[in-house]
Asker: 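The structure's right below; bear with me while I get my questions together.
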Amino acid sequence: MTDSEVKAATSDSTAGKMIFQPILEDGVFRFDCSANDREAVYPSLSFINNKSRDVPVMSNKTPSYIPSFECRLGQQIVKLEFPAGTSFYGTGEVSGQLERTGKRVFTWNTDAWGYGPETTSLYQSHPWVLAVLPNGEALGILADTTRRCEIDLRTECRIQFISLPSFPVITFGPFSSPTAVLVSLSHAIGTVLMPPKWSLGYHQCRWSYDSQERVLEISRKFREKGIPCDVIWMDIDYMDGFRCFTFDKERFPDPKSLVKDLHNIGFKAIWMLDPGIKHEEGYFVYDSGSKHDVWIQKADGKPFVGDVWPGPCVFPDFTQSKARAWWTNLVKDFISNGVDGIWNDMNEPAIFKTVTKTMPESNIHRGDHELGGCQNHAHYHNVYGMLMARSTYEGMGLADRRKRPFVLTRAGFIGSQRYAATWTGDNLSNWEHLQMSISMMLQLGLSGQPLSGPDIGGFAGNATPKLFGRWLGFGAMFPFCRGHSETGTIDHEPWSFGKECEEVCRLALKRRYRLIPHIYTLFYMAHTRGTPVATPAFFADPKDPNLRTLESCFLLGPLLVYSSIMPDLGSDKLQPLLPKGIWLSFDFDDSQPDLPALYLQGGYVIPFGPPHQHVGESNPSDDLTLIVALDEHGKAKGSLFEDDGDGYGFTEGEYLLTHYVAELESSVVTVKVSKTEGLWKRPNRRLHIQLLIGEGAMIDAWGNDGEDLQIEMPSEIEVSKLISSSKEHHRLRLESIKHIPDVEDGSGHKGGELSRTPIELANGDWSLKIVPWIGGRIISMVHLPSGSQWLHSRVEIYGYEEYSGMEYRSAGCTEEYNVMQRDLEHAGEEESVLLEGDIGGGLVLQRQITIPKDNPKILRIESSILARKVGAGSGGFSRLVCLRVHPTFSLLHPTETFVAFTSVDGTNQEVWPETGEKFYQGNLLPNGEWKLVDKCLGLVLINRFNVGEVYKCLIHWGARTVNLELWSEDRPVSKQSPLQIFHEYEVREI
């Protein structure tokens, strides 16, 4: 019996007010259902120091809000009521709106590819709510449990947590501001790691850059085009058969040489490591882990085996110190290949071929006593990713103590920021996800994780030029800035969408690199003091209710970034709602409708530097610029943190923290250093002051950093002239720029069409989803008895397609098809749909998809190219056409899947992924049938066809996909001589 089963329901009270004691510091309280419950709770995995939660402190304060509880049906229900006008934020990594009233989420780390605004569980768990009261004060509430927890905010001004008993609730505040709450929270859960400075540059990623030659090609192109970038990423295809800690000998034969070449042009390299270790004797990681007995176990004590990318896998039990030490040493050795950073993916942990998408909750973790001891997976599930990230972080630190580890983790828990950055998972390439990316980044910051950002441009699907340009335009201001896209999509590098979009991306990233001194300073403050990095606009005035739901802007310290999230409205047309006080606009002579507007709050100074191509180009002696915005009293202040950009010398005083002030007296503004911290000497460099005076106008002055610099203010008439000149310059610039083309979708169809509802065809063994409006494609093909999904694609690309020519994606692929006939009968009857698409030249491509009632195990597709309006002048014959059937099947186990068939000449063929692409025709043509065999699933997808209609077959292996294509002959058609291919699919067990 696990400890959790012993403690499952210890509460000796059924309802009432929770008891409390002060902990940690003034204003922080711990609440429990009873004294017995206080003793029965598990160790905290969110607190950096367990004693901080469990040991009371002396305090004269009493809590302003006391939660009530109820224990019912084996659940502990905790409620807190707040006054009308209270707003809720936080709840960690969540989709949807910024202000959370009306929402309910569940903390249960989930592989949530393609999530939407209503998805209730994503990749991370933060059982935390930030409540902003009507008077601008704020309170934080943490339900300190690792278990699945419901956070219910559907009732206005009420928070409800529901989870298994017993768990304490910790409140922070009320304090004077939301920032004060987050600082107090950081004293409990720890601050964000201090990132290496290079990690604040732009990151370029794709699933996958499939060879080291391609990696270098992409990296060099950034330098050739003058687009700033610091990091290139390697997804799982660099591995040998998806085996962690290995390299593919053909595509990545010399990783050290690759990294050396990358370093020579200023790039860092980050490589993926998943938790799933291939269950394969002779594989050194599996053998070593088995020797050290580090695998998660089933209830019977045997290692759990679950399918992920390599096929059957075992999983390290990171709740054990010996497993963490084992992983740490593997990481240490892995770093010797020149690895600069590590990407932990799939660590919810995600498991294939299971409805839950993860391992059984009955699995056993033999956890360390200080973590909670031996528990089932339900207890440790939400912290698995954090513990993996911790082990990876410690392994990197062990490999080179002169460098700060950089780890990116998909799964996490509140407190993960101590070890890793994060991103918002497998988002979609559309305007809805562009909008959500701002609030999702902000919610993570409001939950203690400031180092985050989305896959800019969207992971799944094809971005349009305007979507990508707009997304990178403001995404370049996110704390973590990475572009990433899925296999099978079009290229998503900044130059992939035309010259106009490329220029917007170049300007956006130059902005970021100019502002890295400011962003780096914000992270130093976040690391040492617990202050946030990016915050919602209402942080500038928490009392203003009008600011609390703004989702198109955010603050980086006193810098307000304001963008348009509407396709047809650029930032130049915005009428922004600004917080109270002085907010002065500025730019870098780079204004664009697709770049955000920038405003500096009066009373502040921010630093920036030259727009380098990568962080390594920067030098302490570079010219330093300070942008100054005086407040109503004629004063301003700001800070700049500088160190080596890596390592831990800053913890021993090896840094320079400069506090600058500006003050207006008798028409003269004096800018000077008010205070310095650290042992570093000030670099010998020029200082450039840009004093903002309104409408983007500024007064420039030059001097030497460290010396007082005085600026004489011009007369009101001169100020008016400067402002008028600035406005005119801005107008002329906007008139001269080339706008990104207003193309709705890169696939040639309207982007709005993605929201249409597919036709569902379900009967017998099959369930299909069909989108007539984009190529009549099948986007989902599920075999119901086995639960296997053989085909799953975006709405706009891949899936089951058909073309009218030998060229890839020729006519018929993206056209809108009409539904000519639709027979969707009751279960047990025949279900079919007849589609027709105009492919030009008087031709139509017709497709009938049927699940026959006399044999519902079969999925039948009858396709034809028909001549409808071929002119007499052509003799009644069309242009040359070829009916090309192009299904893209998903491979759950690429290394364990192959195609088998018997050729016309009687020879037996087995075709494995290593063959890449191959045609079969003549006597080598499959004799009317070929099979896609998944050895791990124990299933075969059989495709039968008429040999007389098929001229040749093509097998093309991609990244976790395979195309099994049927081609007709290439010839003209007439009304009397159409081209046709009738074929069918069936799934059988091996």
Side-chain angles (χ1 to χ4, degrees), residues 353 758-771 775-793 798-803 823-824 830-835 845-864 883-893 897-902 909 911 920 925-935 937-950 952-958 960-968 980-990:
K353 293 166 47 179
I759 293 175
E760 294 191 16
L761 213 63
N763 196 15
D765 283 11
W766 293 100
S767 175
L768 311 180
K769 290 184 179 179
I770 304 159
V771 287
R777 74 183 69 248
I778 303 172
I779 62 169
S780 178
M781 183 170 149
V782 178
H783 182 250
L784 298 174
S786 64
S788 54
Q789 188 163 33
W790 291 93
L791 185 149
H792 179 53
S793 78
Y798 298 124
Y800 178 98
E801 303 173 334
E802 292 182 356
Y803 313 147
D823 297 319
L824 306 180
E830 183 163 281
E831 298 206 5
S832 69
V833 61
L834 179 65
L835 308 171
L845 206 163
Q846 187 182 88
R847 182 177 317 131
Q848 179 150 7
I849 305 168
T850 306
I851 304 172
K853 65 179 180 181
D854 59 346
N855 189 1
K857 294 181 179 295
I858 298 297
L859 168 62
R860 183 171 296 146
I861 302 176
E862 303 173 50
S863 301
S864 306
L883 177 55
R884 180 177 171 185
V885 175
H886 178 87
T888 302
F889 294 112
S890 306
L891 303 181
L892 286 178
H893 312 104
T897 302
F898 63 96
V899 176
F901 60 88
T902 301
Q909 306 274 357
V911 186
Y920 298 88
L925 190 75
N927 194 14
E929 177 180 289
W930 52 359
K931 304 172 183 177
L932 181 61
V933 183
D934 187 322
K935 294 171 63 178
L937 288 178
L939 296 175
V940 177
L941 176 67
I942 304 169
N943 181 203
R944 302 185 186 94
F945 56 89
N946 185 338
V947 176
E949 297 172 345
V950 175
K952 60 183 174 182
C953 294
L954 170 67
I955 300 175
H956 173 83
W957 299 94
R960 293 181 287 276
T961 63
V962 64
N963 304 113
L964 298 182
E965 297 194 19
L966 307 174
W967 296 37
S968 74
Q980 61 185 33
I981 294 178
F982 292 2
H983 64 118
E984 63 185 29
Y985 295 99
E986 181 182 1
V987 173
R988 291 183 179 177
E989 294 184 356
I990 295 177

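This chain uses plain numbering: 1 for the first residue, then up along the sequence. These figures come from a predicted structure and were not determined experimentally.
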Asker: Can you name the one residue among V833, L834, I759 that meets side chain to side chain contact (heavy atoms under 4.5 Å, CB included) with I849?
Answerer: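 Passing option: V833.
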Asker: From I770 CD1 over to R847 CZ, what is the distance, rounded to the nearest 0.5 angstrom?
Answerer: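 If I round to the nearest 0.5 Å, the distance is 9.0 Å.
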Asker: Out of curiosity, S890 OG to L791 CG, how far, rounded to the nearest 0.5 Å?
Answerer: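 Nearest 0.5 Å value for the OG-CG distance: 6.0 Å.
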Asker: After noting the C-alpha distance and the side-chain angles of L932 and L964, does the key distance pass the side-chain contact (heavy atoms from CB on, under 4.5 Å) rule?
Answerer: CA-CA 9 Å; L932 181 61; L964 298 182; 4.1 Å; yes
Asker: Does F901 have any ring-ring contact (aromatic ring centres under 6.0 Å, His included) partners at least two apart in sequence or in another chain, and if so, which?
Answerer: Y920
Asker: Could you go step by step and tell me if I861 and Y800 meet the side-chain contact (heavy atoms from CB on, under 4.5 Å) rule?
Answerer: CA-CA 11 Å; I861 302 176; Y800 178 98; 3.5 Å; yes
Asker: Any side-chain to backbone donor/acceptor pair from E830 onto T850? Under 3.5 Å, distance only.
Answerer: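 Side chain of E830 to backbone of T850: no pair is present.
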Asker: Strictly below 4.0 Å, N to O, side chains only: are E986 and K857 in salt-bridge contact?
Answerer: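 No, E986 and K857 are not salt-bridged.
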Asker: Do N963 and L954 pass the side-chain contact (heavy atoms from CB on, under 4.5 Å) test, and can you show the C-alpha distance, the side-chain angles, and the key distance before you say yes or no?
Answerer: CA-CA 7 Å; N963 304 113; L954 170 67; 5.9 Å; no
Asker: For residues L939 and E989, determine if any side-chain heavy atom of one lies less than 4.5 Å from a side-chain heavy atom of the other.
Answerer: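 They are in contact (side-chain heavy atoms under 4.5 Å apart), so the answer is yes.
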Asker: Quiz question: by atom type and distance under 3.5 Å, do the side chains of E862 and Q980 form a donor-acceptor pair?
Answerer: no
Asker: Which distance, rounded to the nearest 0.5 Å, do you find between the CD1 of I942 and the CZ of R988?
Answerer: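 Answer rounded to 0.5 Å: 4.5 Å.
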Asker: Supply the atom-to-atom distance H983 NE2 to N946 CG, rounded to the nearest 0.5 angstrom.
Answerer: 12.0 Å
Asker: I would like to know whether W930 and I955 meet side-chain contact (heavy atoms from CB on, under 4.5 Å); could you show each step before the answer?
Answerer: CA-CA 11 Å; W930 52 359; I955 300 175; 3.5 Å; yes
Asker: Give, for atom CG of L768 and atom CD of E760, the distance between the pair rounded to the nearest 0.5 Å.
Answerer: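 Reported value, rounded in 0.5 Å steps: 10.0 Å.
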Asker: If the test is side chain to side chain donor-acceptor pair (under 3.5 Å), which one of E965, E802, E801 qualifies with R884?
Answerer: E965
Asker: Going by the ring-ring contact (aromatic ring centres under 6.0 Å, His included) test, name the single residue among W766, W790, F889 that passes it with Y985.
Answerer: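 Only one option passes, and that is F889.
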Asker: Would the number of heavy atoms belonging to other residues, nucleotides or ligands and lying under 6.0 Å from NZ of K769 be above 12?
Answerer: no
